[in-house]
Amino acid sequence: MPLLELQDMTVAYGRIEAVRGISITVEEGELVTLIGANGAGKTTTMRAISGIRPVSRGRILFDGKDVTRMKAHLRVLEGIVQAPEGRGIFPGMTVIENLEMGAYARTFASKAEHDETLDRVFELFPRLAERKDQVGGTMSGGEQQMLAIGRALMARPRLLLLDEPSMGLAPMVIQQIFRIVSEINAQGTTVLLVEQNAQQALSRSDRAYVLETGEVVQTGGGKELLADSSIKEAYLGVA
């Protein structure tokens, strides 16, 4: 049974169907990527999974449970947690306060579990530990992205949704972010990633889906798609 299954899902904005009848599966432990041009429906798909956008038709199953009509905050309790496009940190709060906002989204069995989760975030992102009292809005773009992912991890997700984590970052920082994403996945967290940087994303993905104008047009292994001539031309600028 897949951890996540989208069954013939359609999402509309008024009369415009941004996503049309897509079916996607993510197995537990996988790192799966959605790639596509701007307007392909990637972010809309993520918002539907997290409960921010309602589904017009179709179903979303999480660990076999139908969560299609479930409120967003209840999906977090189920284990679906998103680090949104644009980071979305609380700029007037410190690093530690931002992280605690993620912790508030779930119930910890004990203080020890909370502290263990915070320690894990600081191990993944030592910069956050160094700057835990710094106001988030004064940090660099890369540091804010680390904070957004760290905040999501504080909710102890079973499925981590990452929407464009490399957006607006320098190449060296992008490599660092992707190394950490791979490490998060290797530690047991299932990851669904939306990313414009197809080279970095596909090289690290177990599987990937290509979206065009709201529909899945191609799927396969990450490295398999990376070697595909049509993908190279469309997303890597290689003829």
Value rounded to 0.5 Å, distance of [atom1] in [X] from [atom2] in [Y]:
X    : Y    : atom1 : atom2 : value
I22  : T45  : CD1   : OG1   : 3.5 Å
K42  : L193 : NZ    : CG    : 11.0 Å
R87  : E164 : CZ    : CD    : 11.0 Å
S205 : Q200 : OG    : CD    : 10.5 Å
R69  : R59  : CZ    : CZ    : 11.0 Å
I149 : L160 : CD1   : CG    : 7.0 Å

Which pair of heavy atoms, one from [X] and one from [Y], lies closest together, and at what distance?
X    : Y    : value
A83  : L162 : CB-CD2, 3.7 Å
A12  : S56  : N-OG, 3.3 Å
G36  : Q196 : O-OE1, 3.6 Å
R204 : S182 : NH1-OG, 3.1 Å
A198 : L226 : O-CD1, 4.2 Å
S50  : Q82  : OG-OE1, 2.8 Å

Lys/Arg-Asp/Glu bridge criterion (N-O < 4.0 Å) met for [X], [Y]:
X    : Y    : value
D163 : R47  : no
E28  : R158 : yes
K111 : D115 : yes
E17  : R57  : yes
R156 : E113 : yes

I'd like to know if the side chain of [X] reaches the main chain of [Y], judged simply by a donor and an acceptor atom lying under 3.5 Å from each other, with no hydrogens or angles considered.
X    : Y    : value
Q144 : M139 : yes
T219 : A208 : yes
E30  : E27  : yes
T68  : I60  : yes
Y209 : T25  : yes
S166 : I174 : no
T94  : E97  : yes
R75  : V67  : yes
K132 : V95  : no

Member of E143, Q176, Q134 meeting the side-chain hydrogen bond (donor to acceptor under 3.5 Å, both in side chains) criterion with R127: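 Exactly one candidate clears the test, E143.
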Aromatic Y13 / basic R53 pairing, under 6.0 angstrom, 45° off normal: yes
Quiz item: cation-pi between R106 and F108, 6.0 Å / 45°: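 Here R106 passes the 6.0 Å and 45° test against F108.
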Is it the case that one hydrophobic cluster holds both [X] and [Y], taking links as side-chain heavy atoms less than 4.5 Å apart, direct or via other members?
X    : Y    : answer
M101 : L153 : no
M146 : V194 : no
V181 : L3   : no
V19  : L61  : no
I231 : F178 : no

Candidate pair M9 and R20, rule side-chain contact (heavy atoms from CB on, under 4.5 Å), full reasoning: CA-CA 7 Å; M9 186 184 79; R20 295 191 296 276; over 6 Å; no
Taking the side chain as C-beta and beyond, is there a heavy-atom pair between [X] and [Y] under 4.5 Å?
X    : Y    : answer
L34  : L192 : yes
M167 : N197 : no
R120 : Q187 : yes

Verdict with reasoning, V191 to L161, per side-chain contact (heavy atoms from CB on, under 4.5 Å): CA-CA 6 Å; V191 177; L161 306 176; over 6 Å; no
Of T189, T190, V76, I80, the residue whose pairing with P157 passes side chain to side chain contact (heavy atoms under 4.5 Å, CB included):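 Exactly one pass, corresponding to T189.
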side-chain contact (heavy atoms from CB on, under 4.5 Å) evaluation trace for M70 with K65: CA-CA 10 Å; M70 184 180 287; K65 181 177 182 177; 3.9 Å; yes
E85 vs M46, side-chain contact (heavy atoms from CB on, under 4.5 Å): CA-CA, chis, key distance, verdict: CA-CA 10 Å; E85 181 184 20; M46 298 289 258; over 6 Å; no
